[in-house]
Number of protein chains: 2
Amino acid sequence: MIKIAIVEDNKIFREALIQLINAQSNMHLVGEFASAEYAVKEIPHILPDIVIADIEMNGMNGIEMITILKHTIPAIEFLVCTIHDNTDMVFDALRAGACGYILKDSGSESIIKSIIELYNGGAPMSPFIAKKVISEFSRPKQNNFHNLLTEREIEILQYTAKGLLNKEIASLLFLSNETVKSHLRNIYVKLQVSNKIEALHKVGLL
Amino acid sequence: MIKIAIVEDNKIFREALIQLINAQSNMHLVGEFASAEYAVKEIPHILPDIVIADIEMNGMNGIEMITILKHTIPAIEFLVCTIHDNTDMVFDALRAGACGYILKDSGSESIIKSIIELYNGGAPMSPFIAKKVISEFSRPKQNNFHNLLTEREIEILQYTAKGLLNKEIASLLFLSNETVKSHLRNIYVKLQVSNKIEALHKVGLL
DNA sequence: CTAAATCTACCCCAAATGGGGTATTGTTTG
DNA sequence: CAAACAATACCCCATTTGGGGTAGATTTAG
């Protein structure tokens, strides 16, 4: 029996979800909330296995709610169910601790399947969301600054990112410290920054 | 008609995959390779839509192969199909440019479904793999250094991570530069490092 | 071939950072 | 309450970094 709570401020969608859950023999609805504030207060007492959460809500949003609840009771799994597939929102939700992210237009069977997958330790996502998430890993590889920076400059930035001092990089590459410094200065001009950490930010190494 | 190539050094599994693909009306097998070296040479000429790749192979492994081919022809999508669900291997594959990662014991239907999902722009993964990937995003949140560093120290490290100078942090927080420096020195001692970038590494902000 | 870009390396100097102290003021906790 | 911790802020001094040049050697591109 999977204990489920729903946090959704849209009444129509909330009612639909409730009906859907109640129709399942292996699920039990233990709470329904129309606001994140209310959910944050009550969920610690009812301890559901899974919380189905909307993100865009009046007052406290779903991300903040997940952050708080996940911190209080890490065992609860969150299935974000929203109309938005905005990239930032997806990653904010995942960082907050959500393990599933599906879109509201997914259809009933899909939602049920997602709940079960989540309960079994999986991470259900819409294919489109999954692709976004996966792409995040290969993104840093094909970066854009390869046009701007030379091979040597990138090499030196990479060692810089590891926390090495200029002189350490210099001995590694059999260069003078001054040469490493020269490269760094050229990098700063190209990236329009003025220190190592800013440079690492620009090229996505930070 | 989905054009598929297979790279797999295990003959039995390769034959099984070939039979499976050939049995599908909407798929067309355009190449089968028993080694990554051979695949790297030939695949650029046959231009499949999807390459089903093993990772553990004699000679060049699947990761290197994907890295090379993805770099040459970014349009090809890779479905990694392996017996290993080792964390490092999964992330290496994703970083190399694979968009799907399923286990060999997934079953025929599951493999077919994954190919179709990949072809449609999704990112098919075994639930267990998906969970690993998703967890990677929330991992940095529940870090261990909250016991070691004070609130103020974490705050200062966070501004440091943004590339701010000590004096900029000082004015932001209405402190003296010397105070910021003091905090940083205490941080260095606690983390056993000796500069900002190393410190950011230790706490996972880099 | 000439021009541009890259890699190398030096100069000087100022600013920022790191490492060693010490000290005052609260706050927390055993 | 005393001890420990946290936050603030100063001292001195060495090292590192950043910003400005210049310049030779090589490689690349027009």
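Throughout, a chain's letter reflects where its sequence line sits, starting with A, and its residues are numbered from 1.
Taking only side-chain atoms of B:Leu184, from C-beta outward, the nucleotide of D:dT15, D:dA9, C:dG18 with the closest atom is C:dG18.
A side-chain donor-acceptor contact under 3.5 Å links B:Asn195 to the backbone of B:Ile197.
Here A:Asn195 lies in heavy-atom contact (under 4.0 Å) with sugar-phosphate atoms only. Counting non-hydrogen atoms under 4.0 angstrom, A:Thr150 reaches the backbone sugars and phosphates but no base. Looking at heavy-atom distances under 4.0 Å, A:Arg185 makes contact with a base. Nucleic acid contact class of B:Asn166 (heavy atoms, under 4.0 Å, all strands): sugar-phosphate only. Using a 4.0 Å heavy-atom distance criterion, A:Ser194 is classed as a sugar-phosphate-only contact.
Atom-to-atom, OH of B:Tyr188 to P of C:dG19 comes out at 8 Å; the value is rounded to the nearest Å. C:dT8 atom C1' lies 12 Å from atom CG of A:Leu173, rounded to whole Å. Here the P atom of nucleotide D:dT16 and the CD1 atom of A:Ile169 are 13 Å apart, to the nearest Å. Taking atom NZ on A:Lys196 and atom C1' on D:dG18, their separation rounds to 10 Å, with Å as the unit. To the nearest angstrom, P of D:dT17 lies 13 Å from CG of A:Leu157. Between B:Arg152 atom CZ and D:dA9 atom C1' there is a gap of 13 Å when expressed in whole angstrom units. At whole-Å resolution of the value, CG in A:Leu164 and P in D:dT17 are 10 Å apart. Rounded to whole angstrom, the span from the CG atom of A:Asn186 across to the P atom of C:dA9 amounts to 14 Å.
Each of A:Glu178 and B:Thr179 has a nearest nucleotide on DNA chain D; the 5'-most of these lies closest to B:Thr179. Each of A:Lys190 and A:Ser182 was matched to the nucleotide of DNA chain C holding its nearest heavy atom; the match closer to the 5' end belongs to A:Lys190.
The pair A:Lys162-B:Glu198 does not meet the salt-bridge criterion, since no charged nitrogen lies less than 4.0 angstrom from a carboxylate oxygen. Using a cutoff of 4.0 Å between basic side-chain nitrogens and carboxylate oxygens, B:Glu178 and B:Arg185 are not scored as salt-bridged.
B:Phe13 carries B:Lys104 over the face of its six-membered ring, with the cationic atom under 6.0 Å from the centre and within 45° of the normal.
Regarding contacts with the backbone of C:dA9, every side-chain N or O of A:Ser176 stays at 4.0 angstrom or more from both OP1 and OP2.
No side-chain N or O of B:Lys196 forms a donor-acceptor pair with one of B:Thr160 less than 3.5 Å apart.
Applying the 3.5 Å distance criterion, the base of C:dG19 shares a donor-acceptor pair with the side chain of B:Lys181.
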